[in-house]
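A quick write-up on the structure given underneath.
This chain uses plain numbering: 1 for the first residue, then up along the sequence.
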Amino acid sequence: MRPTKGSIKQLLIIRNGVIMHMRTRASFLAVATLTMPLALSFPASAAPTSCPSSGQGNGGVKCTTLTNGILATMASGKTFAEVGYYRTGGGNLTAKLGAEKGGKNFWSGNINMNNTPFHYGSMLTVSSGCGSVIGKMLADGSTYTTPPKSSC
């Protein structure tokens, strides 16, 4: 595809097939088209496969052990949160990954999480500014959370 100049509202930064950051731009030079869904699976090394009872994983990860996997907030910044779920078992599951910041919830679209073991994740745009981020998963009408992680 030839680069084209356009008025694109969202700039996606993708690293290893994972959306790392989304930013609003007035215009930029488009080099390729995005043909992937917004909720993508993480590379095998990105989401934790175990979580200590303290909820404090390696590298500042905040995590919660659930019956069929590990829910984790891997990264957070002033405008984004990276939430992942390492699924180890269970039946069919469609869920949303999300984050809470400043009392507001931000959710991914529905993610088919039927493969096990497998890493699922979402990079979410959240309210701007410093504050704690709580990773979330909404599945079968229940919401699961991680301990808060500082965004600054």
Side-chain angles (χ1 to χ4, degrees), residues 8-25 28 32-152:
I8 308 287
K9 294 198 182 235
Q10 297 291 329
L11 171 65
L12 302 176
I13 298 171
I14 302 173
R15 208 175 298 151
N16 294 327
V18 177
I19 295 175
M20 300 306 290
H21 188 69
M22 190 177 334
R23 190 178 326 156
T24 302
R25 290 283 173 117
F28 72 98
T33 59
L34 177 67
T35 58
M36 296 181 258
L38 286 178
L40 302 171
S41 60
F42 285 111
S45 62
T49 57
S50 65
C51 178
S53 60
S54 67
Q56 176 67 47
N58 293 334
V61 169
K62 300 293 185 169
C63 55
T64 301
T65 301
L66 305 174
T67 304
N68 291 315
I70 309 284
L71 178 63
T73 305
M74 276 93 63
S76 61
K78 290 185 178 181
T79 60
F80 73 93
E82 181 181 12
V83 179
Y85 181 55
Y86 175 64
R87 187 146 193 252
T88 57
N92 291 339
L93 177 65
T94 298
K96 293 181 179 186
L97 293 174
E100 178 183 330
K101 183 175 179 187
K104 295 181 182 177
N105 288 309
F106 305 88
W107 295 101
S108 71
N110 286 326
I111 303 170
N112 178 332
M113 298 184 179
N114 291 337
N115 292 329
T116 61
F118 204 78
H119 295 266
Y120 298 92
S122 187
M123 181 65 70
L124 301 155
T125 301
V126 297
S127 299
S128 183
C130 294
S132 293
V133 172
I134 298 170
K136 294 186 169 191
M137 181 172 69
L138 177 62
D140 297 326
S142 296
T143 302
Y144 306 92
T145 63
T146 67
K149 178 175 179 55
S150 174
S151 64
C152 292

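- Between Ala81 and Val133, the closest heavy-atom pair is CB-CG1, 3.7 Å.
- Although no hydrogens or angles enter the test, the distance criterion places a donor-acceptor pair under 3.5 Å between the side chain of Thr64 and the main chain of Thr145.
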Decide side chain to side chain contact (heavy atoms under 4.5 Å, CB included) for Thr49 and Thr88; before the verdict, give the C-alpha distance in whole Å, the side-chain angles of both, and the deciding distance to 0.1 Å. CA-CA 9 Å; Thr49 57; Thr88 57; over 6 Å; no

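- Of all non-hydrogen atoms in Thr65 and Cys51, the two that sit nearest each other are OG1-CB, 3.4 Å.
- The shortest heavy-atom contact between Lys149 and Gly60 is NZ-O, 2.7 Å.
- Here the straight-line distance linking atom OH of Tyr144 with atom CG of Leu138 works out to 9.5 Å at 0.5 Å rounding.
- Between Val83 and Ser122 the shortest side-chain heavy-atom distance does not fall below 4.5 Å.
- Sorted by first and then second residue, the salt bridge (charged side-chain N to carboxylate O under 4.0 Å, His left out) pairs involving residues 125-136 (not counting sequence neighbours) are Glu100-Lys136.
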Run the side chain to side chain contact (heavy atoms under 4.5 Å, CB included) check on Leu124 and Ser108 step by step: do they pass? CA-CA 7 Å; Leu124 301 155; Ser108 71; 4.2 Å; yes

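- Proximity of Ile134 to Pro148: side-chain heavy atoms (C-beta onward) are separated by under 4.5 Å at one or more points.
- Nearest heavy-atom pair across Tyr86 and Pro117 is OH-CB, 3.3 Å.
- Considering OG1 of Thr146 and CD1 of Ile70, their distance stands at 12.0 Å, rounded to 0.5 Å.
- Once rounded to the nearest 0.5 Å, the distance linking CG of Asn114 with CG of Leu93 reads 7.0 Å.
- Proximity of Tyr85 to Ile111: side-chain heavy atoms (C-beta onward) are nowhere separated by under 4.5 Å.
- Nearest heavy-atom pair, Tyr120 versus Asn112, reported as atom, atom and distance to 0.1 Å: CE2-O, 3.4 Å.
- The distance from atom CE of Met137 to atom NZ of Lys96, rounded to the nearest 0.5 Å, is 13.5 Å.
- In terms of heavy-atom proximity, Lys101 sits nearest to Gly131 at CE-N, 4.3 Å.
- Listed for the Ser76 side chain is a donor-acceptor partner under 3.5 Å among the backbone atoms of Ser150.
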